[in-house]
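This report refers to the structure that appears directly beneath it.
When a ligand or atom number is given, it counts from 1 through the structure's own listing order. Predicted model, so just to flag it, every value in this text is computed and none were measured. If you read the sequence from its start, that first residue is 1, and numbering goes on from there.
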Amino acid sequence: MDYPMEPFKIKVVEAIPRTTREERRAAIEKSGYNLFNIPAEKVTIDLLTDSGTSAMSDNQWAGLMVGDESYAGSRNYYRFEETVREIFGYPHVIPAHQGRVAENLLFSTMVKEGDSVPNNIHFDTTRANIEHNRGRAVDCVIDEGLDPRADHPFKGNMDLGKLERTIREVGRERVPLCLLTITNNSGGGQPVSLENIRATRALLDRYGIPLYFDACRFAENCYFIKKREPGCADRDLHSIAREIFSYGDGCTMSAKKDGLVNIGGFLCTKDPALAEKITNLLILVEGFPTYGGLAGRDLEAIARGLREVLHEDYLEYRIAQVRFLGDLLDREGVPILKPVGGHAVYLDARAFLPRVPQSRFPAQALACELYVEGGIRTVEIGSLMFGHKDPKTGKDVYPELEMVRLAIPRRVYTTAHMEYTAETIRSVFRRRDTIRGLDLVHEAPVLRHFTARLRPVSAGEEKRS
Ligand code: F0G
């Protein structure tokens, strides 16, 4: 068997929508070639995101029934706080309704105009929240992390040289905090090693800069450390998590990923003065500190999810299922980012469609084809998401990586779904020479990929590009 059997059985099922190719063609045209605009009812396998799409366990559903919806002091809050303290080890736990709110609270409190915030690679909402506070988001991942084919067990690692250069260039007082995203989503769901976390901490200590984790997929990162880092094979996943977070000053977390829930997040810090400032802001924008924009029952589901996500048999199945899909594609020569990451398989769109230039959004064009071919919804992480005009020169700047992400929701799809997905992608790969790029028709000033509208370029336009 290529991967371990699911460590659960299915108690409730949800029908999967089926559509014809004609319906999908009509839907993609109507959507402005933007998969965010496609109604979910027209999607057969939804790999748009692993965020908020997990199947909860019977234990979590049971937790919803013991939700205490008191405005202040809900018992579920205390259980949630106790669980988060136990796993992450930080004294101040501030709930928020999702990860980007935790980011917004943290950055609006810590980042000032002209500041720089380094990270391995910033996720789109993280970058946008820093820029919204007039800061600069700087990516400092190791070079291997930007090369889809480089083989490295921890491609999410921070490049200490790049980090130190950034600090020196702008000056210590212009770097209010440093982030580390575990796993590194925008770089392919790649893990960061304990050794690298320790070294990052040591470097930041020399400058007195706080370290915060973007911890959305911390459990998957812990599992990779156990499997890949020398000396960690016999360690318990909880102890790895505790060690990781012991090197930080706090974290932001979207519980929609490794919290195994459909909504929720939180912010942790060691710093009591910062916690107080953030709590005051929380009351203004999210709610009282014992619910932070969530229902009591949501907090209970998060507390239970955080315990389940560190079960070794769950993580073994989870990581192996994602790798299984990657292997099915790799075997047929479909270019994917390697090694396969924790939550998603990433297609290397530049290698898949070498004739389509980045100015024509090859990853977006490929994502649209996958939808038309088999009703599979994915997300572009490339020039549409991260391309922008250089404010000084006015020239278009494109990201290094041009990818289509197949994010696998947790505990949702089966082996047969993975096989169907791989077969659909292989069909598109066989006719890849017929695929043309796209042109932007409409874009918003920030986070444009969510609402952009595009159109296919004609054969004539393609020749001219
Ligand atoms: N940080 C990382 C690394 C993320 O992947 C996300 C969300 C967030 C922060 C923000 O969390 O959605 O709860 O506000 N990533 C999702 C994705 C949306 O599809 O990768 P949020």
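Using a 4.0 Å cut-off between a side-chain N of Lys or Arg and a carboxylate O of Asp or Glu, Arg100 and Glu103 do not qualify as a salt bridge.
Minimum interatomic distance between Val261 and Met56 (heavy atoms only, all atoms of both residues): CG1-SD, 4.2 Å.
Every residue meeting the side-chain hydrogen bond (donor to acceptor under 3.5 Å, both in side chains) condition with Glu86, not counting sequence neighbours, appears here in chain and number order: Arg307. Judged as a salt bridge (charged side-chain N to carboxylate O under 4.0 Å, His left out), and not counting sequence neighbours, the contacts of Asp46 are Arg377. Listed by chain and residue number, Phe80, Phe88 satisfy the ring-ring contact (aromatic ring centres under 6.0 Å, His included) test with Phe266 (two or more places apart in sequence, or in another chain).
The residues lining ligand 1, counting any heavy atom closer than 4.0 Å, are Thr49, Ser51, Gln98, Gly99, Arg100, Glu103, Phe123, Thr125, Thr181, Asn185, Asp214, Cys216, Arg217, Ser254, Lys256, Lys257, Arg405.
Between Pro399 and Ser383, some side-chain heavy-atom pair lies under the 4.5 Å cut-off.
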